[in-house]
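Heads up: the structure comes next, in structure tokens.
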Amino acid sequence: MTAPAPAPVSLFNTLTRRVEPLLPLAPPRVTLYTCGPTVWNYAHIGNFRTFLFEDLLRRWLEHAGYDVFHIMNLTDVDDRTIKAARQAGKRLVEHTAPFTKAFFEDRDYLRIKPAHVYTPATEYMPQMIALVSKLLERGVAYKGEDGSVYFAIAKFPTYGRLSQLDKREIKVGARVASDEYAKGDPSDFALWKKADAADEAVGAVWDAPFGRGRPGWHLECSAMSLAEIAKCCGVQTLDIHAGGIDLIFPHHENEIAQSEGATGQPFARHWVHGEFLNVRGTKMSKRHGNFLTARDLREQGVDAAAVRLLFFQTHYRAPVDFTDEALEGAKEGVRRLGEFHERLKREEGRGKGDGEIAELTKKFEDDVVTALNDDLNAPRAVAALFDFVRATNRELDNPKGGGGAAQALAAFERVTGADLLDILPSERAVAPALARWVEERVAARNQARKSKDFKAADAIRAELVARGVEIEDTPTGTKWRLG
RNA sequence: GGCGCCGUAGCCAAGUGGUAAGGCAGAGGUCUGCAAAACCUCGAUUCGUCGGUUCGAUUCCGACCGGCGCCUCCA
């Protein structure tokens with residue numbers, strides 16, 4: 001799968017509502033900005049579904065030969081972080097720091113590749129203030145009667161293009177902000193919110209030429225992404241901006257307005273949005289209380305490989321229901337991949353260098369490339385993977401077959417290993433004492449089997465199973481593993 | 001009310017204008033002392049319902065039913 005760099009990758013673009021070839025501004029470089037977590041609490045696995053799809057996107061682009069610069073923001077100042085800090089009786093940063101740390105731990109547990117740069121909003125105040133100043137200068141922002149600064153969407157004719165707002169009507173009687181009277185147009189959104197008592201109480205306030213206050217939610221993404229791509233690449237347009245589907249409106253719509261209002265350049269060329277993780281048909285969320293955090297899964301001993309496989313078995317633009325049954329199925333799939341991997345390593349040297357397996361391997365890699373290039377169709381890639389596993393196992397079962405196992409192993413590892421899907425089972429540490437005991441019992445059982453004392457042999461197996469050890473007799477000896 | 005998404009076997013889930021991938025679970029078989037693993041065979045005459053377009057629709061159009069999301073700080 002050494003694709004000529006860079007390969008043609010197509011992705012659905014929310015701007016046009018079509019699958020389009022990815023056309024970076026300056027290939028092979030791709031600038032990728034993904035909306036990260038709000039660190040007011042632990043992120044749940046619904047949040048992580050989005051981060052996992054972005055992880056696959058990043059890896060696939062790199063695999064295709066692109067030089068990806070990945071930026072992810074950390075929202076550490078907004079309504080929720082302030083409220084949570086206040087309730088905890090802490091300063092803002094004291095409250096958010098542990099959750100930022102937890103996010104990184106969860107990210108590592110789920111094997112998500114770290115972004116090249118993480119941008120916490122509170123560390124980009126000068127950039128945000130400068131952006132607001134610029135928007136005020138250009139006359140697309142104004143100071144409201146309440147002292148906050150708003151963006152005037154009337155000054156930005158293409159407002160609503162991303163979310164097809166021109167076709168929308170705001171629901172009559174929908175939530176009306178208390179500061180409504182202060183704005184020129186009810187749809188104008190806050191760039192900078194004048195400090196109030198709660199903000200002061202937790203230290204979420206900054207001085208700015210246009211007044212003491214704090215940034216509106218959308219501001220950070222514009223300010224930070226523009227700052228980072230200017231620094232790294234000297235540009236004002238992102239190649240890809242990704243996030244959850246719920247961010248299309250208003251978050252991303254407002255980011256476009258703010259950014260383009262300031263730079264006059266397109267903000268992002270390709271907008272990519274992932275669907276939700278549901279629980280019995282309803283969006284997983286803190287509000288519904290139907291959520292599970294990454295650390296919950298980790299504490300249950302769930303292998304991250306299973307979570308990754310589970311999510312990759314559904315297309316990123318389709319909603320997926322999280323059920324225990326589905327997770328169990330993914331765990332079983334991961335086990336099977338692990339077995340197959342072990343087998344390939346064991347039988348790598350078998351047979352001649354080509355044959356049926358070489359054909360299967362080629363088809364496998366071609367299918368994976370085709371699937372992922374077509375709007376990151378991971379489910380189809382996974383299907384090709386299991387087709388390959390089954391067909392190759394069949395060949396390996398044939399005493400005369402087996403030629404090409406080394407190639408199969410290499411291809412298998414390229415796709416399922418740490419560079420791409422990253423869905424191979426984690427190594428499980430076994431305490432030396434346990435290992436010694438198991439080895440002794442296995443030897444005893446084989447002794448019993450040798451003397452045809454199957455009753456004793458089965459008793460020992462039951463003993464092992466009771467301790468969570470599964471055994472498997474093979475022509476080359478007895479294998480065991482923790483179940 | 002506006003905009004958008006979804007409804008495919010027990011469960012999860014791809015997909016195409018020409019007659020349904022893959023995974024898990026289940027049944028039978030090969031192998032095995034027995035298991036396990038692996039492999040083989042079996043499952044939707046059918047893709048929410050009803051119409052329409054078409055030689056032909058699960059795939060396009062319309063209506064309806066059911067579920068869901070967004071509509072100013074939710075991944």
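Keep in mind that the numbers below use all heavy atoms, side chains included, and drop hydrogens, waters and symmetry copies. So that the names make sense, note that chain A is the first sequence line, chain B the second, and so on, each numbered from 1.
Using a 4.0 Å heavy-atom criterion, one finds that Glu332(A) contacts the sugar-phosphate atoms exclusively. Using a 4.0 Å heavy-atom criterion, one finds that Ile471(A) contacts the bases of the nucleic acid, with or without backbone contacts as well. Within the 4.0 angstrom heavy-atom criterion, no nucleotide atom of any strand lies near Leu309(A).
Side-chain contact between Leu15(A) and Arg161(A): present, with at least one pair of heavy atoms (C-beta onward) separated by less than 4.5 Å. Side-chain contact between Tyr316(A) and Leu376(A) is present, with heavy atoms from C-beta onward closer than 4.5 Å.
Nucleotide U72(B) forms a pair with no other nucleotide shown, judged by Watson-Crick or G-U wobble geometry with both contacts under 3.5 Å. Base pairing analysis places C42(B) opposite G26(B); the two distances defining the Watson-Crick or G-U wobble pair are each below 3.5 Å. Applying the Watson-Crick and G-U wobble criteria (two distances, each under 3.5 Å), C50(B) pairs with G62(B). Using N1 to N3 plus N6-O4 or O6-N4 for Watson-Crick, or N1-O2 and O6-N3 for G-U wobble, each under 3.5 Å, U16(B) pairs with nothing.
Remark: the Asp79(A) side chain and the Trp217(A) side chain contain no N/O donor-acceptor pair separated by less than 3.5 Å. If you check the side chains of Asn13(A) and Arg18(A), you find no donor sitting under 3.5 Å from an acceptor.
In this structure Glu439(A) satisfies the salt bridge (charged side-chain N to carboxylate O under 4.0 Å, His left out) test with no other residue, sequence neighbours excluded. Taking Asp196(A) as the reference, nothing meets the salt bridge (charged side-chain N to carboxylate O under 4.0 Å, His left out) condition, with sequence neighbours excluded. The salt bridge (charged side-chain N to carboxylate O under 4.0 Å, His left out) search around Arg394(A) returns none, not counting sequence neighbours. Every residue two or more places apart in sequence or in another chain that forms a salt bridge (charged side-chain N to carboxylate O under 4.0 Å, His left out) with Asp199(A) is listed here: Arg214(A). Residues forming a ring-ring contact (aromatic ring centres under 6.0 Å, His included) with Phe454(A) (at least two apart in sequence, or on another chain): none.
Side-chain atoms of Asp458(A) come within donor-acceptor range of the base of G33(B), with a qualifying N/O pair under 3.5 Å. Residue side chain Arg461(A) reaches the base of A35(B) through a donor-acceptor N/O pair under 3.5 Å, judged by distance alone.
One can place CZ of Phe340(A) at 13 Å from P of G23(B), the figure rounded to the nearest angstrom. Asp321(A) has its CG atom 16 Å from the C1' atom of G23(B), to the nearest Å. Regarding Phe276(A), its CZ atom lies at a distance of 6 Å from the C1' atom of G69(B), rounded to whole Å. Rounded to whole Å, atom P of C6(B) lies 23 Å from atom CZ of Phe322(A). With rounding to whole Å, Asp397(A) atom CG is found 14 Å from A37(B) atom P. If you take CG of Leu337(A) and P of A38(B), they are 10 Å apart, rounded to a whole angstrom. Here A75(B) presents its P atom at 5 Å from CG of Asn47(A), a figure rounded to the nearest Å. Rounding to whole angstrom units, CG of residue Leu277(A) and C1' of G69(B) are separated by 14 Å.
Between Arg394(A) and C40(B) there is a side-chain N or O to OP1 or OP2 distance below 4.0 Å. Of the side-chain N and O atoms in Ser187(A), none sit less than 4.0 angstrom from OP1 or OP2 of U72(B). For the pair Arg445(A) and A35(B), the criterion of a side-chain N or O lying under 4.0 Å from OP1 or OP2 is not met. Side-chain nitrogen and oxygen atoms of Arg346(A) include none within less than 4.0 Å of the OP1 or OP2 phosphate oxygen of A38(B). Contact annotation: Asn377(A) side-chain N/O to G15(B) OP1/OP2 distance is under 4.0 Å. Distances shown here put every side-chain N or O of Asn278(A) at or beyond 4.0 Å from the OP1 or OP2 atom of C68(B). Phosphate contact (OP1/OP2 of C68(B), side-chain N/O of Arg280(A), threshold under 4.0 Å): absent.
For the P atoms, the distance from U19(B) to U59(B) is 15 Å, rounded to whole Å. Here the separation of C68(B) from U58(B), taken at their P atoms, is 27 Å to the nearest Å. Nucleotides G18(B) and C3(B), compared at atom P, are 31 Å apart to the nearest Å. The gap from the P atom of C24(B) to that of A36(B) amounts to 15 Å, rounded to the nearest Å. Between U49(B) and G66(B), the two C1' atoms lie 10 Å apart (nearest whole Å). Taking atom P in both A20(B) and G48(B), one finds a spacing of 15 Å when rounded to whole Å. When the C1' atom is compared between C64(B) and A14(B), the two are found 27 Å apart, to the nearest whole Å. The same atom, C1', is picked in G15(B) and in A25(B); the two are 23 Å apart, to the nearest Å.
A cation-pi contact links Arg317(A) to Phe12(A), judged by a cut-off of 6.0 Å to the six-membered ring centre and 45° from its axis.
Pairs engaging residues 383-393 of chain A under the salt bridge (Lys or Arg N to Asp or Glu O under 4.0 Å) rule: Asp387(A)-Arg390(A) [sequence neighbours left out]. Sequence neighbours left out, the pairs with a member in residues 38-58 of chain A that pass salt bridge (Lys or Arg N to Asp or Glu O under 4.0 Å) are Asp55(A)-Arg59(A), Asp55(A)-Arg308(A), Arg58(A)-Glu62(A).
Contacts between residues 312-319 of chain A and RNA chain B, counted as heavy-atom distances below 4.0 Å, involve Gln313(A), Thr314(A), His315(A), Ala318(A), Pro319(A). If you check residues 472-482 of chain A against RNA chain B, the residues with a heavy atom closer than 4.0 Å are Glu472(A), Asp473(A), listed by number.
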Give every donor-acceptor pair under 3.5 Å between a side-chain atom in residues 330-338 of chain A and any protein atom, sequence neighbours left out.
residue, atom, partner, partner atom, Å
Lys331(A), NZ, Glu328(A), OE2, 2.8
Glu332(A), OE2, Arg335(A), NE, 3.0
Glu332(A), OE2, Arg335(A), NH2, 2.7

Check: residues 319-326 of chain A side-chain donor-acceptor pairs under 3.5 Å, at least two apart:
residue, atom, partner, partner atom, Å
Asp321(A), OD1, Gly281(A), N, 3.0
Asp321(A), OD2, Arg280(A), N, 3.1
Thr323(A), OG1, Ala326(A), N, 2.9

Hey, what are the protein-to-nucleotides 8-10 of chain B N/O distances that come in under 3.5 Å?
none

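Between Asp367(A) and Lys363(A) there is a salt bridge, with a side-chain nitrogen of the basic residue lying less than 4.0 Å from a carboxylate oxygen of the acidic one.
Both Asp374(A) and Arg449(A) lie near RNA chain B, and the one whose nearest nucleotide falls closer to the 5' end is Asp374(A).
For the pair Phe386(A) and G22(B), the ring geometry does not qualify as stacking, because the centroid separation below 5.5 Å and plane angle under 30° are not jointly satisfied.
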